[in-house]
Amino acid sequence: MPELPEVETIRRQLEKQIVGQRINSVDVFFSGRINFSAKKFREHLRDKKIISVSRRAKLLLINLSDGFTLVIHLKMSGQLLLVGSDRLPDKHTHLVFNLSGDYRLFFTDVRKFGFVRIFKTSELEQKVFHPAQFGVEPQSADFTLNHLTDCLLRHSRSAIKPLLLSQKCVVGVGNIYSDETLWRARIRPSRLAGQLKPDEIKRLYSAIKQILTKSIELGGTSVDQYRDTTGARGGYARLLKVYGRTGLSCRRCQHPIKKIRLGGRGTHWCPGCQR
DNA sequence: CACTTGACCTGTCCGC
DNA sequence: TGCGGACAGGTCAAGT
């Protein structure tokens, strides 16, 4: 489900709402996606205080007192919902964090791809970030036109869309925003990375920065089940140009939007103006 | 090594 | 109405 704007939206809400609170207890209804037994997981978190909430790529990091961090990935269908004490967990609620305020934090995930893991904060780089190949953050100073150009060259035989999805060049772009950024940059998703011309790379670079920034502003994109911590939908859906618009006319050239399969993923694009 | 495909899991939608 | 298959916002491991 969530790509960078959705995860960042959730991070900002959690930062406002749960920092400073204490985890009184945790209820574990499904232990298949945590890195301890239910018992140890509960014991680990009991009475920990929430110090800060950060994000790396699509991972949420809830930093706790005593040097521990909760590492959360929502994958396709995970949700973090802040609810009052009246709300009951449903069948897909796997974890409930009972906080010192009047809040409880529900981790729900229909498809069970997501996870919630505990690590020592000092071991994050080594155990969480190091093994995976994380590209640069799109909003950081490291994400430059030169960086993107070099990275496309290093993976020149990959089609551009699967390369964006791989997170190797820049993190946070998933299936929706890869289609949207390529539309804005007027690049056909199946073009090989090594064949993009400098002005096309420049357009792609700008599109990534602008679209992600705009989407964060609007609270992300809800196509189907993405929700923020209050259960609200994201506002970027109304700005989508190709994703989910199969057969509708292109907002730039009126040509019907086409949907194909590329790298195993549904891919929306306009044959009229994406070359 | 670079790149592609299938698996993970549950729900929904579409065609027959 | 039922049933099978394809597909869904993300990563990984395994395959070529």
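A note on names: the letters A, B, ... follow the listed sequences, proteins ahead of strands, and every chain is numbered from 1. Worth knowing before you read on, the calculation uses all heavy atoms, side chains too, and leaves out hydrogens, waters and symmetry mates.
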Exercise for the section: Kindly determine whether A/Phe107 and A/Leu74 satisfy side-chain contact (heavy atoms from CB on, under 4.5 Å), including the steps that lead there. Expected result: CA-CA 9 Å; A/Phe107 172 71; A/Leu74 300 173; 3.9 Å; yes
Problem - Residues that A/Lys49 engages under salt bridge (charged side-chain N to carboxylate O under 4.0 Å, His left out), provided they are two or more places apart - result: none
Exercise for the section: Can you sort out which residues in residues 108-118 of chain A have a heavy atom within less than 4.0 Å of DNA chain C? Ascending by number, please. Expected result: A/Arg111, A/Phe113
Problem - Check ion pair A/Arg275-A/Glu200 (N to O, under 4.0 angstrom) - result: no
Fill in the blank from the handout: Rounded to whole Å, CG of A/Leu152 lies from C1' of B/dC3 at a distance of 15 Å
Exercise for the section: Measure from CG on A/Leu74 to C1' on C/dG9 and round the result to the nearest Å. Expected result: 11 Å
Problem - Interatomic distance, A/Arg191 CZ vs B/dC3 C1' [rounded to whole Å] - result: 19 Å
Handout entry: Ion pair check, A/Glu217 and A/Lys214, cut-off under 4.0 Å
Key = yes
Problem - Each stem that DNA chain B is part of, given as range with range (3 or more consecutive Watson-Crick or G-U pairs, under 3.5 Å) - result: B:2-8 with C:10-16, B:10-16 with C:2-8
Handout entry: Worked check of salt bridge (charged side-chain N to carboxylate O under 4.0 Å, His left out) between A/Arg184 and A/Glu180
Key = CA-CA 6 Å; A/Arg184 181 181 289 208; A/Glu180 293 298 312; over 6 Å; no
Exercise for the section: Remember a base hit wins even if backbone is also touched, and classify A/Arg261 as base, sugar-phosphate or nothing at under 4.0 Å, heavy atoms. Expected result: sugar-phosphate
Handout entry: Rounded distance (Å) that lies between atom P of B/dT12 and atom CD of A/Gln225
Key = 9 Å
Practice task
Give a yes/no on whether any side-chain N or O of A/Gln167 is located under 4.0 angstrom from OP1 or OP2 of C/dT11.
Solution key: yes
Exercise for the section: Please state the C1' separation for the pair B/dC3 and C/dG9 - nearest whole angstrom. Expected result: 23 Å
Exercise for the section: Would you mind classifying the nucleic acid contact of A/Ser156 as base, sugar-phosphate or nothing, using non-hydrogen atoms under 4.0 angstrom? Expected result: sugar-phosphate
Practice task
Using atom NZ of A/Lys259 as one end and atom P of B/dC13 as the other, report the distance to the nearest whole Å.
Solution key: 14 Å
Exercise for the section: Would you mind reading off the distance between A/Leu60 atom CG and C/dG10 atom P, rounded to a whole angstrom? Expected result: 14 Å
Handout entry: A/Lys40 with A/Glu43: basic N within carboxylate O range, under 4.0 Å
Key = no
Practice task
Examine the side chains of A/Asp228 and A/Thr230 and answer whether a donor and an acceptor come within less than 3.5 Å of each other.
Solution key: yes
Fill in the blank from the handout: Separation of B/dT12 atom P from A/Met76 atom CE, nearest Å, is 15 Å
Exercise for the section: Classify the nucleic acid contact of A/Gly174 as base, sugar-phosphate or nothing, counting any heavy atom under 4.0 Å across all strands shown. Expected result: sugar-phosphate
Handout entry: Gap in Å between the two P atoms, one belonging to C/dA14 and one to B/dC9, rounded
Key = 15 Å
Problem - Pairwise C1' distance, C/dA6 and B/dG6 [rounded to whole Å] - result: 15 Å
Problem - Pairs involving residues 42-67 of chain A, ordered by first then second residue, that meet ring pair (Phe, Tyr, Trp, His ring centres under 6.0 Å) (sequence neighbours left out) - result: A/Phe36-A/His44, A/His44-A/Phe68
Handout entry: Pair A/Asp199 + A/Arg203: basic N to acidic O under 4.0 Å
Key = yes
Handout entry: Test side-chain hydrogen bond (donor to acceptor under 3.5 Å, both in side chains) applied to A/Asn63 and A/Ser54, step by step
Key = CA-CA 8 Å; A/Asn63 301 301; A/Ser54 48; 3.3 Å; yes
Completion exercise
Taken in chain and number order and not counting sequence neighbours, the residues that satisfy side chain to side chain contact (heavy atoms under 4.5 Å, CB included) with A/His73 are A/Lys58, A/Leu59, A/Lys75, A/Phe115
Could you go over nucleotides 13-16 of chain C and give all protein N or O partners under 3.5 Å, atom names and distances?
none

Practice task
Look at the side-chain N and O atoms of A/Lys168 and state whether any lies under 4.0 Å from the OP1 or OP2 oxygen of B/dC1.
Solution key: no
Exercise for the section: For C/dG9, take OP1 and OP2 only and decide whether either is under 4.0 Å from a side-chain N or O of A/Tyr177. Expected result: no
Exercise for the section: Please state how far atom CZ in A/Arg33 lies from atom C1' in B/dC9, giving the value in whole angstrom units. Expected result: 9 Å
Practice task
Check whether any side-chain nitrogen or oxygen of A/His92 sits under 4.0 Å from OP1 or OP2 of B/dT10, and answer yes or no.
Solution key: no
Exercise for the section: Verify the contact: side-chain N or O of A/Lys75 to OP1 or OP2 of B/dT10, cut-off strictly under 4.0 Å; return yes or no. Expected result: no
Problem - Distance test, side-chain N/O of A/His73 to OP1/OP2 of C/dT11, below 4.0 Å - result: yes
